[in-house]
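Below is one structure; the comments refer to it alone.
Just the heavy atoms: all of them, side chains too, but no hydrogens, waters or symmetry mates, feed the values below. Residue indices begin at 1 and follow the sequence shown.
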Amino acid sequence: QVQLMESGGGLVQPGGSLRLSCAASGSIFSINAMGWYRQAPGKQRELVATISRGGITNYAASMTGRATISRDNAKNTVYLQMNSLEPEDTAVYFCNADIRSPRDLRVTNYWGKGTLVTVSS
């Protein structure tokens, strides 16, 4: 009933930038925290950044200063602007959100299917 759809991934050269988007759709009363995680080949999924409904942000140390997370509550969308990308940033990037159901007001955590970011020359 709820879907998170990521977009914006692709191939970028080292030093380049990308902007990822994730739109939530379906049966939604409200969305609490939203975030981005990533998983590189052979590694565990790790936090990139999170943002509360009120706009409080948190970043992984590896992304501090190179990434900006933002959201549009009216569009149920979260964004991740990444700059100065490095080959080590190559990974599948996943969107995550805590979504409150209009049916019973319970909060459920959802994941998107991911979008691949490849940083290579």
Side-chain angles (χ1 to χ4, degrees):
Q1 289 187 327
V2 172
Q3 283 191 324
L4 298 180
M5 183 65 69
E6 301 101 335
S7 60
L11 175 64
V12 62
Q13 292 187 341
S17 300
L18 275 180
R19 188 191 194 211
L20 306 182
S21 300
C22 171
S25 62
S27 184
I28 298 171
F29 179 79
S30 63
I31 303 178
N32 295 344
M34 303 184 82
W36 290 94
Y37 293 74
R38 68 184 183 184
Q39 187 167 17
K43 295 187 176 181
Q44 290 187 333
R45 191 172 299 188
E46 63 179 9
L47 168 74
V48 177
T50 61
I51 184 168
S52 71
R53 181 170 181 81
I56 298 173
T57 58
N58 178 55
Y59 295 93
S62 62
M63 298 304 292
T64 300
R66 300 193 297 125
T68 301
I69 188 170
S70 60
R71 63 189 285 172
D72 185 333
N73 291 332
K75 295 181 179 179
N76 291 334
T77 300
V78 62
Y79 307 95
L80 182 69
Q81 175 70 42
M82 299 186 290
N83 303 317
S84 302
L85 285 164
E86 305 165 351
E88 292 73 24
D89 296 315
T90 295
V92 178
Y93 285 70
F94 296 90
C95 177
N96 180 266
D98 290 328
I99 296 177
R100 190 177 300 278
S101 166
R103 181 172 59 86
D104 55 14
L105 300 183
R106 293 180 64 180
V107 177
T108 302
N109 186 257
Y110 291 92
W111 289 93
K113 293 183 178 181
T115 184
L116 177 62
V117 172
T118 302
V119 185
S120 175
S121 55

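- Although no hydrogens or angles enter the test, the distance criterion places a donor-acceptor pair under 3.5 Å between the side chain of Thr64 and the main chain of Ala60.
- Of the possible donor and acceptor atoms, one in the side chain of Arg71 sits under 3.5 Å from a partner among the backbone N and O of Ser52.
- For residues 92-113, the set of pairs meeting the salt bridge (Lys or Arg N to Asp or Glu O under 4.0 Å) definition, not counting sequence neighbours, is empty.
- Applying the ring pair (Phe, Tyr, Trp, His ring centres under 6.0 Å) test to pairs two or more places apart or on separate chains, none has a residue in residues 53-93.
- Put simply, the side chain of Arg53 gets close to the backbone of Ile31: a donor and an acceptor are under 3.5 Å apart.
- When hydrophobic residues (I, L, V, M, F, W, Y) are linked wherever their side-chain heavy atoms come within less than 4.5 Å, Leu11 remains an isolated member.
- When the side chains of ILVMFWY residues are joined at heavy-atom separations under 4.5 Å, either directly or via intervening members, Met5 and Ile28 end up in two distinct hydrophobic clusters.
- Interatomic distance, CE of Met34 versus OG1 of Thr57, reported as 14.5 Å (0.5 Å rounding).
- More than 12 non-hydrogen atoms from other residues, nucleotides or ligands lie less than 6.0 angstrom from CG of Leu105.
- More than 12 heavy-atom neighbours from other residues, nucleotides or ligands sit within 6.0 angstrom of CD on Glu86.
- In this structure, Gln3 places its CD atom where only 12 or fewer heavy-atom neighbours from other residues, nucleotides or ligands lie under 6.0 Å away.
- Across all non-hydrogen atoms, the minimal contact from Val119 to Asp89 is CG2-CB, 4.2 Å.
- Among all heavy-atom pairs drawn from Ala40 and Thr90, the shortest one is CB-O, 3.6 Å.
- Contacts classified as side chain to side chain donor-acceptor pair (under 3.5 Å) and involving residues 17-37 (residues at least two apart or in different chains) are given here: Ser17-Asn83.
- Two residues are said to be in side-chain contact when any heavy atoms from C-beta on lie closer than 4.5 Å; Leu20 and Met82 meet this criterion.
- In the hydrophobic cluster analysis, where Ile, Leu, Val, Met, Phe, Trp and Tyr join through side-chain heavy atoms closer than 4.5 angstrom, Leu116 is grouped apart from Val12.
- For the pair Arg66 and Leu85, the tightest heavy-atom approach, listed with the atom from each and the gap, is NH1-CA, 3.9 Å.
- Applying the disulfide bond (SG atoms under 2.5 Å apart) test to pairs two or more places apart or on separate chains, none has a residue in residues 52-87.
- Looking at every heavy atom in both residues, Ser62 comes nearest to Arg38 through OG-NH2, 3.6 Å.
- A distance of 9.0 Å separates OH in Tyr110 from CG in Leu4, rounded to the nearest 0.5 Å.
- Looking at every heavy atom in both residues, Val78 comes nearest to Ser70 through CG2-O, 3.2 Å.
- Atom CG of Asn96 sits about 9.5 Å away from atom OG1 of Thr50, to the nearest 0.5 Å.
- Listed for the Gln13 side chain is no donor-acceptor partner under 3.5 Å among the backbone atoms of Ser121.
- At a threshold of 4.5 Å between side-chain heavy atoms, the hydrophobic network of Ile, Leu, Val, Met, Phe, Trp and Tyr places Ile69 and Val117 in one connected group.
- Residue Leu18 comes nearest to Gly8 through the heavy atom pair CD2-O, 3.6 Å, listed as atom of the first residue, atom of the second, then distance.
- Identified under the disulfide bond (SG atoms under 2.5 Å apart) test for residues 69-121, with sequence neighbours left out: Cys22-Cys95.
- In this structure, CE on Met63 lies 9.0 Å from CD on Glu46, to the nearest 0.5 angstrom.
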